[in-house]
Amino acid sequence: MNFSEFSFWWVLLLFAIPYFTVRYVAKSLNLWRGVFDAVGLAVMSLFLFVNASKSSFAIFMCEIIFNYIMVWLMLRQEKWQAKLIATVVVVIDIAILAYFKYLNFFVEDVLGLVVPGLAETWQSKSIPGMGSIPPGLSFYTFQMVGFVVDSYTSRKKQPIAALDYVNFVSFFPQVVAGPIERRADLFPQIENFRFKLTFDNFESGFRWLSLGLFMKFVLADNISPYIKLDQVDNPWLVWFFAFLFTLQIYFDFGGYSFIAVGLGKFVGVKLTLNFLAPYTSQSINEFWRRWHVTLSTWFRDYVFLPLMGKNMKYAPFYLFITFTLSGFWHGAAWNFILWGAYHGLLLLVLRYAGRPFYKFLGQQKFLMPQFISWALTFGSVILGCLFFMETNTGRLMQKLLVLITPWNYSLSNLGEALTFFNENGAAALVFTLFLSIGLLLMEQIGVWRQGETDYDLLVSPWMSRVLLVLTILFAANTPSPFIYFEF
Amino acid sequence: MNSIDTIQGWLVNQIAKQLGIKAETIKVTEPLTRYGLDSIDSVTIVGDMEDWLGAELPSTLLWDYPTIEKAAKYLVDEAGVSPAETATAEPVAVTSKPKEEATQGKGWGGLWNKISGS
């Protein structure tokens with residue numbers, strides 16, 4: 001759901017106020033049945049989804065019906081029949097995703113490379129579904145695929161109620177942009193769903209909501225206008241804008257994920273934390289355990305581990321392939337494939353060249369070895385973000401060339417970079433960066449404290465109230481679109 | 001030595017061997033990625049551990065329980081795994097409490113370690 005849009009909150013209230021009023025009255029008259037909670041959640045989720053995107057909702061409904069029937073059949077079969085059904089469902093789900101998300105890219109950018117004029121011919125045809133990608137398709141497809149596989153491998157084969165399945169795949173805080181929930185984590189909470197409207201849940205939900213709103217509306221949205229993609233000549237500025245984007249993408253998607261966690265908690269559902277203070281990482285391995293956790297674990301469980309099986313011989317190759325595919329999941333464009341491949345390559349470099357380096361650092365020949373590891377990791381992530389932010393492949397190559405040319409790092413270019421923004425713009429940016437660094441520092445302290453989560457300080461009672469006040473005071477006037485909605 | 005200590009000792013040795021680092025430098029409470037453990041190592045170590053314990057373990061064990069302490073506790077307390085009498089780990093210099101000098105360097109590095117609690 002688009003938490004930036006007023007209509008989301010409006011529709012939510014428009015449904016929630018009469019629904020919970022009726023629920024309260026009916027409960028006091030002893031007329032309310034538990035199943036009405038599950039029905040209410042399903043109606044609320046579907047109502048919000050149709051409000052968010054009618055086209056995506058239509059595809060979603062077809063997929064829900066198809067997946068539910070097939071899983072229902074699968075659970076009644078044994079051995080190869082069950083495996084066959086699972087395979088068919090996964091192939092069809094991925095084929096639907098591929099049609100809406102990758103067909104254009106495949107024809108225009110892959111086949112178009114070898115067949116001259118194909119891209120133009122293709123663009124002139126009006127093929128249904130070839131416009132923008134239906135919002136949430138990548139996320140709910142992955143959740144449905146995961147459910148099929150987990151149901152197939154599960155030892156318990158008892159039937160699943162249709163209403164429970166609808167609530168599992170359409171739960172409104174996370175259906176459009178995750179967290180991509182797994183059967184073992186979410187289904188037990190959703191099965192025979194009952195609203196748990198307690199003060200503790202409300203308080204806990206409010207704290208996560210407050211953190212998410214602050215990250216999105218104050219930090220991400222105030223950083224966004226300063227990022228200039230067309231700057232290609234000055235390496236200082238290229239680095240700086242990549243740095244700003246690195247902050248923006250985390251605050252944007254992290255903010256979204258925490259709002260989802262908060263909304264989940266309001267109704268008594270615990271969603272998975274999609275981010276675990278990723279910018280505190282001291283290696284790329286660690287970064288990928290902290291960044292977009294539910295997508296990383298999805299690829300680990302359904303791509304990397306099955307590819308590898310017991311054969312460790314080609315494990316490095318499979319790791320590289322998994323990361324490249326993960327990049328491709330983000331978007332049907334070369335820059336996302338390059339971004340995934342870059343991270344896969346970094347992991348391999350770290351595996352084969354990084355260990356001697358770690359040993360070297362471990363001998364304490366450097367001051368602050370952990371700081372060096374952190375700085376190298378963060379620098380690598382920033383460079384990766386350059387691939388991610390730049391969908392124009394030609395311009396991306398230009399920027400990379402500028403970055404690797406030593407004499408571009410001249411003092412005159414530095415001077416130009418320092419005077420790039422006017423005084424007012426610079427002051428607002430410095431203030432936003434000050435808040436951003438403050439937040440990242442509190443995450444780092446959270447990691448050191450080893451509490452329940454790395455965000456313990458940021459979701460403490462007093463801090464969540466401070467963050468809410470800061471959001472009211474400094475929220476950007478014009479919210480920028482959620483970056484991950486494009487995927 | 002109880003089951004948790006035995007498993008911790010085995011993991012410390014195995015991780016030290018896999019990563020080519022000294023066992024004394026490994027803290028059981030530190031996330032394993034801090035020592036450079038990657039996805040391939042995680043799966044390899046769990047495979048070796050299955051052979052050692054003679055039990056089927058989840059491949060994702062070291063993701064779900066990212067420190068030696070957490071993994072060992074899970075295996076003993078939740079999965080009900082206990083190392084056989086004969087399957088004792090090689091002795092290690094450090095299990096739950098690493099030597100102070102292993103983590104406390106000199107100068108700024110040492111200060112950073114103190115600040116970060118590593």
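In the text below, chain A, chain B and the rest are named by the order of the sequence lines, each starting its count at 1.
For a residue to count as touching a neighbouring chain, one of its non-hydrogen atoms must lie under 4.5 Å from one of that chain's; by this rule A:Phe304 touches chain B with the side chain only. For A:Arg300, the part sitting under 4.5 Å from any heavy atom of chain B is the side chain, from C-beta outward, and nothing else. For B:Ser42, the part lying near chain A is the side chain, with the backbone staying farther off; criterion is any non-hydrogen pair under 4.5 Å.
Note that CZ of A:Arg351 and CG of B:Leu37 are 9.0 Å apart. Values are rounded to the nearest 0.5 Å. Considering CG of A:Leu319 and CD1 of B:Ile40, their distance stands at 5.0 Å, rounded to 0.5 Å. With values rounded to the nearest 0.5 angstrom, B:Tyr35 atom OH is found 10.5 Å from A:Gln282 atom CD. Rounded to the nearest 0.5 Å, atoms OG1 (B:Thr44) and CE (A:Met308) are 6.5 Å apart.
Closest of all the heavy-atom pairs between A:Val447 and B:Arg34 is CG1-NH2, 4.4 Å. Between B:Thr29 and A:Gln450, the shortest heavy-atom contact is O-NE2, 3.8 Å.
Using a 4.5 Å heavy-atom cutoff, the side chains of B:Leu32 and A:Asn285 are not in contact. Between B:Val43 and A:Leu305, some side-chain heavy-atom pair lies under the 4.5 Å cut-off. Between B:Trp63 and A:Asp301 there is no side-chain heavy-atom pair separated by less than 4.5 Å.
By the 6.0 Å contact criterion, CD on B:Glu56 is open, its count of non-hydrogen atoms from other residues, nucleotides or ligands being 12 or less. Around atom NZ of A:Lys157, more than 12 heavy atoms belonging to other residues, nucleotides or ligands sit under 6.0 Å away.
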